[in-house]
Amino acid sequence: MTDLRLGYLGFEVRDLPAWEAFATDVLGLGVSGRGDDGSLGLRMDAQRQRFVLSEGPSDDLAFVGWEAPDDRTLDALVARLGGAGVAVTATRPEEAAARRVRRLCRLLDPAGIPLELFVGPEVPAEAFQSPHVRSGFVTGELGLGHLVLSAPDRDASLRFYQDLLGFRLSDRIVCEIYGYPVDIVFLHANRRHHSLALGDRQKKRLHHFMLEVGSMDDVGLACDRAVRKGVRLMQTLGKHPNDQMFSFYARTPSGFQFEFGWGGRKVDDASWQPTTYDHISEWGHHPPQFLAEGKIK
Ligand SMILES: [Fe+2]
């Protein structure tokens, strides 16, 4: 069993100044530096770089960095991928340096999303304390949070993530929300309930990314910051039945969403039993536009 961690995310964004203000003032991240290409690096914890934002037209996820625990594990993953016919490219030292890691390899997932498998993230001497998130972000062995990705051929994506990268099935949610069918498969790569979830084909690669904080108050305070800064709330505060995350959803400057949560469940593989849920929230997570119209179900 291989435990990977969601290590870093790359976004291609149309409006980099808007993203910098949003990431620091609303999410509570810190600027860690700028690349030679004008990209912006962001920090959330001890690790030097958790997000890389580059200016470009897609306003979408550009790459996902998955951290392997050591070189031996990375070598074994690369061998397994190669054996299955997946093209894996080793990179030059300067490419790893730009990601602030010691070593990385590149490949594509079945949806064409660029992945980077890496080891050795840079940890600078100076500690990071978010000016807004007093309890800090929940990361460490759980990785930076989770992602919900578009998977046009979900069977192929499930085989890839489970059989080749070692993800395990957490559960599935199949239901309807406000007339829209929902069918999402949740996968874990460590004790975090899910680091990755796969939905149906969407316009963008990324539906949302989730950041978890250490207190319920810090979720409420982030919601207040979002509202005050004019960020569009997409789902009110609520709680999911599967990962039990207390969270809200709002829109990033690129149109895809972020989830900001607290209290996520941990998985113990020895006893875990995957189930299928017929609802996506225990309570809450209502689209605010329906509140005003009196359409909340
Ligand atoms: Fe989520």
Side-chain angles (χ1 to χ4, degrees), residues 4-9 11 26-27 29 44 50-51 60-61 64 66 111 113 133 137-139 142-151 154 157-158 161 167-175 177-178 180-200 202-214 216 218-220 222-223 226 231-252 254-267 274-288:
L4 297 179
R5 300 170 181 170
L6 182 55
Y8 56 77
L9 296 174
F11 298 143
V26 178
L27 298 181
L29 305 179
M44 68 192 296
R50 288 292 199 176
F51 295 87
D60 200 356
L61 181 67
V64 182
W66 293 103
I113 296 171
V133 180
F137 291 95
V138 177
T139 57
L142 303 177
L144 76 80
H146 72 229
L147 291 175
V148 178
L149 298 180
S150 169
R154 191 159 59 191
S157 290
L158 283 171
Y161 282 104
F167 285 63
R168 285 85 77 187
L169 178 65
S170 302
D171 40 49
R172 185 172 175 180
I173 296 181
V174 182
C175 63
I177 317 175
Y178 296 96
Y180 293 98
V182 170
D183 184 350
I184 307 171
V185 177
F186 298 83
L187 302 172
H188 58 278
N190 53 60
R191 294 197 68 225
R192 186 185 286 288
H193 173 274
H194 61 281
S195 294
L196 177 67
L198 301 172
D200 294 327
Q202 298 157 56
K203 281 188 207 142
K204 297 196 182 215
R205 290 169 168 168
L206 180 61
H207 179 271
H208 72 268
F209 65 96
M210 188 285 304
L211 304 181
E212 184 177 6
V213 292
M216 184 189 270
D218 273 325
V219 177
C223 195
V231 171
R232 185 168 162 197
L233 210 58
M234 303 303 287
Q235 294 182 39
T236 58
L237 288 163
K239 188 173 181 181
H240 290 302
N242 59 342
D243 68 353
Q244 296 175 5
M245 190 74 76
F246 167 78
S247 64
F248 73 95
Y249 291 70
R251 193 179 180 278
T252 69
S254 289
F256 56 78
Q257 298 180 32
F258 71 93
E259 179 183 9
F260 208 90
W262 166 80
R265 189 179 195 174
K266 312 289 188 298
V267 168
T275 48
T276 298
Y277 294 85
D278 64 0
H279 56 296
I280 201 160
S281 299
E282 296 285 8
W283 56 267
H285 289 149
H286 301 299

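Numbers for residues simply follow the sequence, beginning at 1. Start at 1 and go down the list; that is how both ligands and their atoms are numbered. Quick caveat: nothing in here was measured; it's all calculated off a predicted structure.
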Legend entry - side chain to side chain donor-acceptor pair (under 3.5 Å) partner of S247, chosen from Q235, E259, E212: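 It is E259, the one option of Q235, E259, E212 that forms the side chain to side chain donor-acceptor pair (under 3.5 Å) with S247.
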2.8 Å cut-off met by an N, O or S atom of [X] to the Fe ion (ligand 1):
X	answer
H194	no
E259	yes
H146	yes

Inset, instruction - Would you please indicate if the ring centroids of W66 and F167 are separated by under 6.0 Å? - result: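 Yes, they do, as the ring centres are separated by less than 6.0 Å.
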Legend entry - Ring-ring centroid check H208 H146, cutoff 6.0 Å: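 Here the rings of H146 and H208 have centres that are less than 6.0 Å from each other.
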Inset, instruction - Answer yes or no: is there a side-chain heavy-atom contact under 4.5 Å between V64 and L6? - result: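 Yes - at least one pair of side-chain heavy atoms lies under 4.5 Å apart.
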